[in-house]
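Worksheet: the structure to be examined is printed underneath.
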Amino acid sequence: MKFCFVILHYRTLKETNKCLQFLKGLDNQDDIQIIVVDNGSKDGSLKVLADNMKEESNILFVEAEYNVGFAKGNNLGYTIAKYKYQAQYIVMMNSDVFIQQKEFIRLIEEIYGQTNFDILGPDIITKAGEHQNPLMLVHDNIGRINKTIFLNRIRFFATFLPIDLKKLFKNQKKSNAKIMVQPDPNMDRVQVENCPLHGACLIFSGNFVSLHEFPFYPDTFLYGEEDILYYLGQKEKEKFVYSPRVQVLHMEDASTNLCFSDYKKKKRFITKHSSKSLKVLKELMNRSK
């Protein structure tokens, strides 16, 4: 199979169903295999999805026994795409990412022909109109990691205080631009190489797939996977490319919002796991000294 799309699902029935509907609308359906990895939802949503898509021969549903986290859940789907379907390209995407460009596959192949990329990041546009790619590199050294871990500790304990937390919880993964969902054609958004890419949607070429058993370092649960991917990729001299020619819509935090109706509990979860992932990255950096 030429293209495998791996969708990590966790209780987001509405978003995953919509994601699949968009994938079914892409051109080149004969070249597409879809793998939905249910990350231990245990809420019946997997059965509903499977029943809704039972007539679709190119959709495979896989169920993890429990929630193994972002990295391991995606790695499971990637392994199936690589070995069961011998995929030439593997697209890893969140369940709340919607691909509206019917020519998505053709554009990826054209970009690969021009760049020979290992990992491609599309223009990820949020519902608020922000562009999440390419990422500004935040954690490229141990000093910055230590600073964020320290700030996360303050943010975590602040959630137990009767104060307004909005100023403390600014988005740590800043994009390099903020423009409308329908980009101004005169706006200068250009292709960028060797830049960190947002993890909501990543395209791995055969170059990468042939050399790697899995894309994400497995010792994290959630958050920070892109930092580790970029750090390890730079060591291996892999080619990261951001292209504004391919675009996806990202509804953002669908699973987290579903799990946490309480704002403060959500922020405790985010800061806790963000710091754990950064400690993993710090350990990797210390090993390479």
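Position 1 is the first residue of the sequence, and the numbers go up from there.
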Could you report the tightest heavy-atom contact between [X] and [Y], atom names first, then the distance?
X: Asp38; Y: Ser45; result: OD1-OG, 4.4 Å
X: Ile145; Y: Leu278; result: CG2-O, 3.6 Å
X: Ile7; Y: Cys19; result: CD1-SG, 3.7 Å
X: Val6; Y: Ala81; result: CG2-CB, 4.5 Å
X: Glu193; Y: Lys239; result: OE1-CE, 3.1 Å
X: Phe204; Y: Pro215; result: CZ-CB, 3.6 Å

Does a side-chain N-to-carboxylate-O contact under 4.0 Å join Glu110 and Arg106? yes
Going by distance alone, is a donor N or O of one side chain under 3.5 Å from an acceptor N or O of the other, for [X] and [Y]?
X: Tyr83; Y: Glu213; value: yes
X: Ser275; Y: Asn152; value: yes
X: His9; Y: Ser95; value: no
X: Thr159; Y: Arg268; value: yes
X: Asn207; Y: Asn116; value: yes

Taking atom [atom1] of [X] and atom [atom2] of [Y], what is their separation to the nearest 0.5 Å?
X: Tyr242; Y: Leu120; atom1: OH; atom2: CG; answer: 10.0 Å
X: Met285; Y: Asp140; atom1: CE; atom2: CG; answer: 6.5 Å
X: Leu23; Y: Ile99; atom1: CG; atom2: CD1; answer: 5.0 Å
X: Cys4; Y: Tyr78; atom1: SG; atom2: OH; answer: 11.0 Å
X: Lys264; Y: Phe160; atom1: NZ; atom2: CZ; answer: 9.5 Å

Are His273 and Phe221 close enough that their ring centers fall under 6.0 Å? yes
Phe3/Tyr89 aromatic ring centres below 6.0 Å: yes
For Lys2, which of Glu109, Gln33, Gln86 qualifies under side chain to side chain contact (heavy atoms under 4.5 Å, CB included)?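 Running side chain to side chain contact (heavy atoms under 4.5 Å, CB included) over Glu109, Gln33, Gln86 with Lys2 returns exactly one hit, Glu109.
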Which of these passes side chain to side chain contact (heavy atoms under 4.5 Å, CB included) with Leu281: Asn286, Ile228, Thr220? Ile228
Worked check of salt bridge (charged side-chain N to carboxylate O under 4.0 Å, His left out) between Lys279 and Glu283: CA-CA 6 Å; Lys279 288 176 183 177; Glu283 182 181 348; over 6 Å; no
Which donor-acceptor pairs under 3.5 Å do side chains of residues 231-238 form with protein atoms, sequence neighbours excluded?
unit_1	atom_1	unit_2	atom_2	d
Tyr231	OH	Ser288	OG	2.8
Glu238	OE2	His212	NE2	2.4

Less than 4.5 Å apart, any side-chain heavy atom of [X] and any of [Y]?
X: Ile124; Y: His131; value: no
X: Ile32; Y: Leu26; value: yes
X: Glu130; Y: Ile125; value: no
X: Thr12; Y: Asp96; value: no
X: Cys195; Y: Leu135; value: no

Looking only at atom types and distance, does a side-chain atom of Glu56 sit under 3.5 Å from a main-chain N or O of Lys54, one as donor and one as acceptor? no
For the NZ atom on Lys14, are there more than 12 heavy atoms of other groups (residues, nucleotides or ligands in this structure) within a distance under 6.0 Å?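 Open.
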Are more than 12 heavy atoms, taken from residues, nucleotides or ligands other than Lys102, located less than 6.0 Å from that residue's NZ atom? no
Run the side-chain donor-acceptor check on residues 59-72: report pairs under 3.5 Å with partners two or more places apart or on a different chain.
unit_1	atom_1	unit_2	atom_2	d
Asn67	OD1	Asn39	ND2	3.1
Asn67	OD1	Gly69	N	3.0

